[in-house]
Amino acid sequence: MKRFGDLILAVLTRGAAACVVLMLAVLLGVLLLNAAPSVRQFGAKFLVSSQWRPNEVERPVRDAAGKLVFADGEVVTETIPPAFGALPVMYGTAMTSIIALLFAVPLSLGSALFIVRVAPGLRIAGPVSFLVEFLASIPSIAYGIWGLFVLAPFLREYVEPWMARVLGAIPGLGWSVSERIVSGGEVIVKPIPLTGRDLLCGGLILGIMILPIITAVSRDVLRTVPRGQIEGTVALGATWWQSCVGMLKYSRSGLFGAVMLGLARAAGETMAVVMVIGNNNQIVPSPFAPAQTMSSLLANEFAEASTGLHSSALLQVAMVLLVMSLVFNVVARKLVVGKGGRTAASA
Amino acid sequence: MSVIGATSLSGKRGGESRFALRRIRSSGMFWACCASTMAVITLLFLVAGYLFVLGLPGISWALFTQDATGDPEAPGGLRHAIVGTLVLIALSGVVGVPVGLLAGVYLSEYSREGRGVPARATRFVSDVLAGVPSIVTGILGYELLVVPMGHYNGWAGALALAFIMVPIVARTTEEMLRLVPDSFRAGSLALGATRSQTILRVVAPAATGSLVTGVMLAIARVAGETAPLLFTALGNRALTWDPSQPFPSLTKQVFDYVTGPYESQKRVGWAGILVLIAILLVLNVSVRIVAARAVRSRT
């Protein structure tokens with residue numbers, strides 16, 4: 001009878017483990033199945049096309065000279081079928097993530113070094129760590145609200161006009177503050193209106209959001225550097241910073257993992273971004289242009305997708321997003337695990 | 001380590017002028033590290049402080065006792081949304097916590113050191129699941145439960161949240177059980193206990209505190225999620241206990257109010273976000289306390 005309990009627990013735990021594997025299978029299966037029509041229609045072109053037209057468009061036909069074509073006294077129109085391509089949202093996700101990393105990585109590594117090398121002497125390592133963890137426990141929608149009501153107006157009023165003036169004055173960087181509009185065969189170049197709800201704001205909000213995760217993981221990684229390593233460099237006459245560089249070099253793969261975890265978080269984040277990115281499905285190579293990320297596109301359009309092809313295309317975007325963040329996560333965990341990284345769950 | 005820092009900072013000055021440059025650079029970087037920490041903490045106070053100032057005027061007793069009215073003149077409270085979030089957490093926890101705990105037990109007790117394909121697959125998959133963007137779990141809930149039922153409902157929201165919970169609970173459970181020394185297991189088995197008795201009466205009790213930590217972490221994570229609920233639970237202005245209907249949640253209600261047009265509803269939304277942050281803060285602080293106590297009792 002005693003063995004009966006063994007049997008039950010063994011079956012239950014194996015069942016739960018199988019259930020976990022099954023969950024991923026279901027997730028991939030459902031996404032693939034529903035994305036299939038779009039995959040079949042657009043194939044790999046989906047990843048390089050920047051068209052995103054959920055509805056049919058009727059537009060007048062123009063001849064080679066850009067003139068309207070008339071037949072029987074009426075303008076001849078042509079119907080363009082819906083088309084979907086993920087390039088603009090992939091661009092949006094990539095750019096916001098890059099801005100987020102540029103903002104977060106230096107600050108995080110600096111803070112992690114402070115917590116490991118400076119704070120213990122001042123007896124404030126605990127409080128500083130606690131504050132960082134608190135920053136991590138603020139839900140993403142709260143960051144979105146803060147971004148919408150504080151960061152975006154602040155950027156619009158104070159930061160962006162100044163940045164635009166500086167960037168515009170540098171020869172060769174004019175593209176970063178103006179956009180080209182093709183209208184009726186003409187190309188108009190005009191400065192981008194500064195709204196504060198754009199790539200820059202989305203990237204900065206993501207950067208603030210991933211600060212705590214990168215700081216906490218790098219702190220744990222740096223703490224595993226053997227004391228002898230640090231003392232050795234100091235004994236050889238290294239300055240404080242030179243011994244820090246030694247620490248950073250020693251734990252570089254773990255630190256890279258920390259950054260990748262932050263990147264995965266940034267790329268997959270929805271709520272904070274959707275409120276500040278401007279939600280415009282376009283590629284304009286300027287930090288002041290409103291844009292769209294993969295996750296914000298899903299949040300905006302998935303519920304309203306009217307046609308089968310539209311929602312199928314959205315699911316294909318979800319597939320791309322899923323695969324991307326899975327790669328980041330798996331690589332990151334490989335690098336952090338066993339280097340004093342925190343638990344997989346809290347990371 | 002601080003001693004090292006202090007020594008090299010206040011080390012002998014003068015003489016060796018070729019070292020002056022690197023000493024200047026060193027102290028420059030030292031202050032840069034201090035400055036970046038200050039910047040991070042300042043950001044924290046900017047974000048938390050602003051949300052506090054914004055939300056505080058809206059905090060009232062009515063917030064917890066009234067439901068939404070839909071009337072911009074008198075927007076009512078958030079009782080329905082708070083109850084909704086609690087029900088969603090309970091529903092997802094009923095499925096997610098046992099599956100996560102058992103999978104964690106499997107990883108730690110039945111497949112030591114990752115031998116064998118099933119163990120490695122489970123561990124890899126739970127890593128992978130932990131990295132799924134939360135909006136994608138929402139889409140899964142939509143396709144699995146909203147499409148067949150024909151309308152948005154609470155079950156779909158709970159399913160999406162359970163998807164987020166399972167890998168978190170599984171991985172923390174595994175790691176916490178691994179911290180229990182093998183001598184516990186050996187002693188128990190040597191006394192004639194069966195494997196299940198060893199796990200349930202010796203190993204798990206020794207790690208109870210940490211297991212609770214894992215579950216609370218998962219709950220804290222799920223309570224703050226909005227994206228998985230956008231296409232599943234959707235939200236509801238009325239208090240409901242029926243998960244087959246569109247279901248209210250604190251995060252979604254706050255999102256709707258704050259992005260909506262009415263100033264009065266925005267006030268309620270801002271107060272709601274403050275309530276949410278307070279709940280998450282309490283959860284996270286108690287996690288730290290429980291975890292610290294668990295570590296202390298073990299050593």
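First the proteins, then the strands, lettered A, B, ... as listed; each starts at 1. Note that this is a predicted model, so its numbers are computed, not measured.
- In this structure, the portions of Leu44(B) lying under 4.5 Å from any heavy atom of chain A include both its backbone and its side chain.
- Atoms CG and CG, on Leu28(A) and Leu140(B) in that order, are 10.0 Å from each other to the nearest 0.5 Å.
- Heavy-atom distances place the side chain of Met275(A), and not its backbone, under 4.5 Å from chain B.
- By the 30° and 60° cut-offs, the orientation of the rings of Phe302(A) relative to Phe231(B) is tilted.
- Between Arg14(A) and Tyr110(B) the shortest heavy-atom distance is NH1-CD2, 3.9 Å.
- Leu274(B) does not touch chain A: none of its heavy atoms, backbone or side chain, sits under 4.5 Å away.
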Can you check side-chain contact (heavy atoms from CB on, under 4.5 Å) on Leu129(B) and Met23(A), steps first, answer last?
CA-CA 8 Å; Leu129(B) 282 178; Met23(A) 279 167 62; 3.8 Å; yes
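- Contact annotation: the side chain of Pro133(B) approaches that of Leu322(A) to within less than 4.5 Å [non-hydrogen atoms, C-beta and beyond].
- In this structure, the side-chain contact (heavy atoms from CB on, under 4.5 Å) partners of Ser36(B), at least two apart in sequence or on a different chain, are Leu107(A), Ser111(A).
- Proximity to chain A is limited to the side chain of Ile199(B), based on heavy atoms less than 4.5 angstrom apart.
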Side-chain donor-acceptor pairs under 3.5 Å in residues 136-144 of chain A, sequence neighbours left out?
| residue | atom | partner | partner atom | Å |
| --- | --- | --- | --- | --- |
| Ser137(A) | OG | Phe134(A) | O | 2.9 |
| Ser140(A) | OG | Glu269(A) | OE2 | 3.2 |
| Tyr143(A) | OH | Leu135(A) | O | 2.6 |

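- In this structure, the side chains of Trp146(A) and Tyr50(B) come closer than 4.5 Å at one or more pairs of heavy atoms.
- With respect to chain B, the highest number of heavy-atom pairs below 4.5 Å among Ala112(A), Ala303(A), Cys244(A) belongs to Ala303(A).
- Two residues are said to be in side-chain contact when any heavy atoms from C-beta on lie closer than 4.5 Å; Leu31(A) and Val136(B) meet this criterion.
- Counting only distance, with no hydrogens or angles, the side chain of Asn329(A) and the backbone of Val128(B) share no donor-acceptor pair below 3.5 Å.
- Glu225(B) is linked by a salt bridge (Lys or Arg N to Asp or Glu O under 4.0 Å) to Arg221(B), counting only residues two or more places apart in sequence or in another chain.
- The candidate from Ile8(A), Val128(A), Val150(A), Leu211(A) with the greatest count of non-hydrogen atom pairs under 4.5 Å with chain B is Val150(A).
- Annotation: residues 314-321 of chain A contacts chain B through Leu315(A), Ala318(A), Leu321(A) [non-hydrogen atoms, separation under 4.5 Å].
- For the pair Val132(A) and Ile41(B), the minimum side-chain heavy-atom distance is 4.5 Å or more.
- Tyr106(B) approaches Ala17(A) most closely through the heavy-atom pair CD2-CB, 3.4 Å.
- Proximity to chain A (any heavy atom under 4.5 Å) is shown, for Phe255(B), by both the backbone and the side chain.
- A donor-acceptor contact shorter than 3.5 Å links the side chain of Ser26(B) to the backbone of Trp240(A).
- Within the 4.5 angstrom heavy-atom criterion, only side-chain atoms of Thr259(B), from C-beta onward, approach chain A.
- Contact of Ala227(B) with chain A is made through backbone and side chain together, with heavy-atom distances under 4.5 Å.
- Only the side chain of Leu144(B) has a heavy atom closer than 4.5 Å to any heavy atom of chain A.
- For chain A, the nearby part of Tyr152(B) is the side chain; its heavy atoms alone come within less than 4.5 Å.
- Looking only at distances, a side-chain donor or acceptor of Asp6(A) sits under 3.5 Å from a matching main-chain atom of Ser196(B).
- Residue contact with chain A, scored on non-hydrogen atoms closer than 4.5 Å, involves the side chain of Lys266(B) exclusively.
- Here the closest heavy-atom approach between residue Ser295(A) and residue Ile135(B) is recorded as O-CD1, 3.6 Å.
- Heavy atoms of Val166(B) lying under 4.5 Å from chain A belong exclusively to its side chain.
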